[in-house]
Amino acid sequence: MTLQQMIDSSDNIVFFGGAGVSTESGIPDYRSADGLYNQAYSHPPEVMLSRDFFRANPSEFYRFHRDKMIHTEAKPNAAHIALARLEQAGKLRVVITQNIDELHQQAGSKSVIELHGSVYKNYCTRCGKRFGVEAILEAADVPYCTCGGVIRPDVVLYQEQLDDAVVEAAEGYLSDADMLIVAGTSLAVYPAANLIHLYRGDKLALINLSETSADSHADLIIREKVGEVLQQLVL
Ligand code: CNA
């Protein structure tokens with residue numbers, strides 16, 4: 001079956017994506033050749049974006065976070081737009097994303113599960129007050145709340161657990177799906193990557209430029225750019 005045929009015969013599709021969905025919007029992923037793992041930093045991203053590092057070196061954490069994780073100029077690309085259309089057409093139930101950039105919502109997707117949170121949501125670690133991304137961008141160094149507490153992004157840092165309710169919602173969609181599209185993710189970050197194994201159907205389409213650990217489970221593998229692939233779909 002082609003991707004088009006799989007989609008034509010489905011009406012309960014789940015899309016599971018990662019940083020590769022946003023590279024065509026100009027946001028680097030982690031593990032591609034020009035991804036963040038291959039740029040010179042004092043530590044790899046999983047150290048800089050860990051809870052211990054945030055607590056010990058908040059200033060350095062925020063330098064990296066502002067520089068590499070916040071992309072307010074980025075616009076949704078063909079992949080985000082095609083997925084929003086698939087949802088409007090009644091075919092796609094949910095986008096489950098590891099991304100923290102809100103580009104799916106910007107493209108018009110209503111049903112989005114953010115496994116790792118969003119850089120646009122932030123809160124005070126002392127009083128809980130909520131802040132937008134401006135509080136982070138406008139601060140010269142570590143952003144502080146008026147109560148004196150450090151503000152942190154509402155993203156799941158390395159060494160932190162995913163939110164139970166968020167995971168349960170993703171699990172429900174994946175176990176019910178009649179088709180699963182996995183795209184733009186190396187499937188190297190756990191526990192998120194394990195979730196796709198809850199899908200039990202026979203239409204698992206994998207769109208990824210490089211190999212993943214789920215290739216042997218896939219019913220269809222497309223090694224092309226996800227935006228270019230999805231924009232060719234006829235809905
Ligand atoms: P990753 O490990 O960097 O893997 C990305 C995968 O996408 C690689 O296998 C690439 O080959 C592939 N890829 C890159 N561009 C494309 C493309 N145009 N079409 C198809 N495939 C492509 O990223 P994961 O998402 O798997 O890792 C999970 C981390 C990365 C999550 O915790 C994210 O929060 C984090 N992250 C998010 C963003 C973002 O929000 N845009 C950016 C960078 C990292």
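Given the structure is predicted, the values throughout are model-derived calculations rather than measurements. First listed ligand is number 1; within each ligand, the first listed atom is number 1.
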Original post:
So how far is it from L195 CG to Y190 OH, rounded to the nearest 0.5 Å?
Top reply: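 One finds 11.0 Å between CG of L195 and OH of Y190.
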
Subject >> Interatomic distance, C145 atom SG to Y123 atom OH [nearest 0.5 angstrom] >> reply: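 OH of Y123 is found 13.0 Å from SG of C145.
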
List ligand 1 atoms under 4.0 Å from [X], heavy atoms only on the residue side.
X	value
N208	6 (C), 7 (O), 8 (C), 9 (O), 11 (O), 12 (C), 20 (C), 21 (N)
S22	41 (N)
G184	5 (C), 6 (C), 7 (O), 21 (N)
G18	25 (O)

Please report which non-hydrogen protein atom sits nearest to [atom], along with the residue it belongs to and the distance in Å to one decimal place.
atom	result
atom 18 (N) of ligand 1	E24 OE2, 2.9 Å
atom 2 (O) of ligand 1	R31 NH1, 2.3 Å
atom 41 (N) of ligand 1	D101 OD2, 2.7 Å
atom 13 (N) of ligand 1	G20 CA, 3.7 Å
atom 5 (C) of ligand 1	D29 OD2, 3.4 Å
atom 42 (C) of ligand 1	P28 O, 3.5 Å
atom 37 (C) of ligand 1	N99 OD1, 3.7 Å
atom 44 (C) of ligand 1	Y30 CE2, 3.1 Å

For residues [X] and [Y], determine if any side-chain heavy atom of one lies less than 4.5 Å from a side-chain heavy atom of the other.
X	Y	value
I27	N99	no
Y30	S186	no
I7	I181	yes

Ligand 1 contact by [X], heavy-atom criterion under 4.0 angstrom:
X	answer
H71	no
P45	no
A183	no

**OP:** Establish, yes or no, whether a centroid distance under 6.0 Å links the rings of F61 and F54.
**Re:**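 Centroid distance F61-F54: below 6.0 Å, so yes.
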
Any N or O on [X] sitting closer than 3.5 Å to an N or O of ligand 1?
X	value
I27	no
S210	yes
L209	yes
T185	yes
A19	yes

How close do [X] and [Y] get, heavy atom to heavy atom, and via which atoms?
X	Y	value
D101	S22	OD2-OG, 2.6 Å
Q98	G18	NE2-CA, 3.8 Å
E87	G108	OE1-O, 4.0 Å

Subject >> Passing candidate, side-chain contact (heavy atoms from CB on, under 4.5 Å) with I13, options L92, V94, L83 >> reply: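 Answer after filtering L92, V94, L83: L92.
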
Subject >> Residue from E46, Q159, H43 passing side-chain contact (heavy atoms from CB on, under 4.5 Å) with F53 >> reply: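 By the side-chain contact (heavy atoms from CB on, under 4.5 Å) criterion, F53 pairs with just one of E46, Q159, H43: H43.
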
**OP:** Using the side-chain contact (heavy atoms from CB on, under 4.5 Å) rule, take H116 and L162 through it: C-alpha gap first, then chi angles, then the decisive distance, then the call.
**Re:** CA-CA 7 Å; H116 295 155; L162 301 193; 3.6 Å; yes

Original post:
L103, V133: one ILVMFWY side-chain cluster at the under-4.5 Å cut-off?
Top reply: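 No; V133 is not reachable from L103 via cluster members.
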
Original post:
For atom 32 (O) of ligand 1, which of E224, K225, H116 has the closest heavy atom?
Top reply: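 When every heavy atom of E224, K225, H116 is considered, H116 comes closest to atom 32 (O) of ligand 1.
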
Subject >> Heavy-atom nearest option to atom 40 (O) of ligand 1, drawn from I100, L230, V226 >> reply: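 Looking at heavy atoms only, I100 sits closest to atom 40 (O) of ligand 1.
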
